[in-house]
Amino acid sequence: MRRRVDETAGSERTKKKPAKGKKPVETRARSSWKVWLKWTFLALGVLYLVTPFLLRLFPGIVQHLVYSHAILYFVDLSRPADLGLNHTANMYLTSEEGVTLGVWHTVPEKKWKEAQGKGLDWYEKSLGDGSPVFIYFHGNTNNRAAPHRIAVANILSSLGYHAVVMDYRGFGDSTGEPTEPGLTTDALYLYHWVRERSKGSPLILWGHSLGTGVSTNIAVKLQEEGNPADGVILESAFKIGKVPPGYPHIFTWYYWKFPYIQYFFQDRLKNNKLTFPNDENLEKMRMPLLILHSKDDHLVPYQVAEELYSIAKNAMKSDDRVKLVLFDASLGYLHNGLYRDPALPGIIREFVDSIN
């Protein structure tokens, strides 16, 4: 019996030994976790401090932050009918050597049946049918297949207008790399291409976000050439300058509060010839203008639209040729959602009628 008791006691002692050995393992696990956490925060801290200097040393980064053209909406852009645009032609135009632009042309809705099975020649000739023609210049990121851009084309078509939507160089299936001079060249080429075929039909530019800078750039050049657009619509327009507190830079699709980020970013914008001077352009423009903006725009405060409106009105010395329409913040349209407003088609039609 004594022997069995001793064996039991020995067995209990054996079982207790591993229990004592658990503390070093747990201590090592906690220590490893703390080391990992420490290095993570250290790496983030270094990134926080180094990023502004990277922007200064590698200006090419700014180009991608501004245009964000590498962010794609994966669709077959050569098949607009797959996206519900079954009265739309896809075409490719060459704005300059080595640059091919992907373009959609959506005809007025009333031509839907007639458009079925038609080729590019028919679409080109239709531009001269007397219906107003809109050239839509989209914002940065994605391509002409983004849902809010398709929605604008559908609205214009339903009103009886043509909608010509281009992807700038480097966007979508267009070739090349985006720059401000390059985008301006693409837009001017498309304008002249459409104007040549529209045979005197009203030709209106509609720019959204980044596209407002493209629109005002070419509007000034066309005016100087003596071949002005018949009207311009600026949706969610921006003004280059110091970023208001609480707002990201208009050209960034993210917002990190890096130290002195505005100083570095603004400097790089100038060095990369990224100015898009909407305010300066509006001082020169003399064609009818409609400015659209949502009061809850999370990228560009609506006060910018009010400022641009004031600049344009003072430059033209007219209340009739410049209009500002603000959409209430409670509607939740933010930066891209104005197409959802049921009053928008009527606003566009009124503007077109005022031109005619």
Side-chain angles (χ1 to χ4, degrees), residues 67-95 99-127 129 131-176 178 183 186-187 189-190 193-194 197-198 204-211 214 235-236 253 333-342 344-345 348:
Y67 299 109
S68 302
H69 54 291
I71 301 173
L72 303 176
Y73 188 76
F74 293 99
V75 295
D76 185 350
L77 294 169
S78 67
R79 298 172 56 88
D82 292 349
L83 299 167
L85 295 171
N86 51 12
H87 50 310
T88 299
N90 178 71
M91 66 186 81
Y92 295 97
L93 303 176
T94 302
S95 61
V99 178
T100 301
L101 308 175
V103 181
W104 283 348
H105 172 200
T106 301
V107 297
E109 195 174 77
K110 61 187 177 185
K111 290 180 172 286
W112 176 82
K113 287 187 178 179
E114 187 182 353
Q116 302 310 302
K118 295 295 193 298
L120 293 179
D121 288 343
W122 181 87
Y123 276 87
E124 282 191 35
K125 290 178 183 177
S126 73
L127 287 169
D129 64 7
S131 301
V133 182
F134 280 76
I135 301 178
Y136 180 79
F137 299 115
H138 64 65
N140 61 345
T141 75
N142 290 327
N143 50 50
R144 61 191 185 277
H148 59 287
R149 294 162 189 164
I150 291 176
V152 170
N154 279 325
I155 288 172
L156 294 174
S157 176
S158 70
L159 290 169
Y161 310 148
H162 293 269
V164 180
V165 184
M166 169 188 70
D167 270 325
Y168 317 109
R169 61 183 67 196
F171 287 79
D173 52 357
S174 299
T175 61
L183 268 60
D186 297 341
Y189 176 85
L190 181 61
W193 187 90
V194 172
R197 291 159 178 77
S198 59
I204 301 165
L205 310 178
W206 183 332
H208 172 245
S209 193
L210 173 67
V214 176
E235 177 191 355
S236 305
W253 58 273
Y333 295 149
L334 301 175
H335 191 64
N336 296 331
L338 294 187
Y339 70 89
R340 301 202 305 267
D341 195 279
L344 183 62
I348 302 304

Whether [X] side chain and [Y] backbone form a donor-acceptor pair below 3.5 Å:
X	Y	value
Arg144	Tyr168	no
Ser198	Val194	yes
Trp104	Leu77	yes
Thr175	Thr100	yes

Give the minimum heavy-atom separation between [X] and [Y], together with the two atoms involved.
X	Y	answer
Lys118	Tyr123	O-CE1, 3.9 Å
Leu156	Ile348	CD2-CG2, 4.2 Å
Arg169	Ser174	CA-CB, 4.0 Å
Pro132	Gly160	CD-O, 4.4 Å
Leu83	Ala145	CD1-CB, 3.7 Å
Ser78	Asn90	CA-ND2, 3.5 Å

ring-ring contact (aromatic ring centres under 6.0 Å, His included) with [X]: which residues, sequence neighbours excluded?
X	value
Tyr161	Phe134
Phe137	none
His162	His105

Taking Arg197 first and then Asp129, would you say they form a salt bridge - that is, a charged N and a carboxylate O separated by under 4.0 Å?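 No salt bridge links Arg197 with Asp129.
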Roughly how far, to the nearest 0.5 Å, is the [atom2] atom of [Y] from the [atom1] atom of [X]?
X	Y	atom1	atom2	value
Arg149	Asn142	CZ	CG	5.5 Å
His335	Ser209	NE2	OG	3.0 Å
Ser131	Leu159	OG	CG	11.5 Å
Leu127	Trp122	CG	CH2	10.0 Å

Report the C-alpha distance between Trp112 and Ser157 in whole Å, list the side-chain angles of each, state the deciding distance to 0.1 Å, and finish with yes or no for side chain to side chain contact (heavy atoms under 4.5 Å, CB included). CA-CA 10 Å; Trp112 176 82; Ser157 176; over 6 Å; no
Validation row: [X], [Y] side chains within 4.5 angstrom (heavy atoms):
X	Y	result
Thr106	His87	yes
Leu101	Tyr92	no
Asp76	Arg79	yes
Val165	Trp206	no

Can Ile155 and Leu344 be said to form a side chain to side chain contact (heavy atoms under 4.5 Å, CB included), step by step? CA-CA 9 Å; Ile155 288 172; Leu344 183 62; 4.1 Å; yes
Please identify which of these residues, Asp167, Asn336, Asn143, meets the side-chain hydrogen bond (donor to acceptor under 3.5 Å, both in side chains) condition with His138.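 Checked Asp167, Asn336, Asn143 against His138; only one passes side-chain hydrogen bond (donor to acceptor under 3.5 Å, both in side chains): Asp167.
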Start with the C-alpha gap between Asn154 and Tyr339, add the side-chain angles, then the distance that decides, and say whether side chain to side chain donor-acceptor pair (under 3.5 Å) holds. CA-CA 10 Å; Asn154 279 325; Tyr339 70 89; over 6 Å; no
Which label fits His148 and His208: parallel for a plane angle under 30°, tilted from 30 to 60°, or perpendicular past 60°?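 Ring orientation, 0 to 90° scale: perpendicular.
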What verdict does the side chain to side chain contact (heavy atoms under 4.5 Å, CB included) test give for Val164 and Leu190, after you've listed the backbone C-alpha separation in whole Å, the side-chain angles of each residue and the deciding distance to 0.1 Å? CA-CA 9 Å; Val164 180; Leu190 181 61; 4.0 Å; yes
Kindly determine whether Tyr136 and Ile204 satisfy side chain to side chain contact (heavy atoms under 4.5 Å, CB included), including the steps that lead there. CA-CA 9 Å; Tyr136 180 79; Ile204 301 165; over 6 Å; no
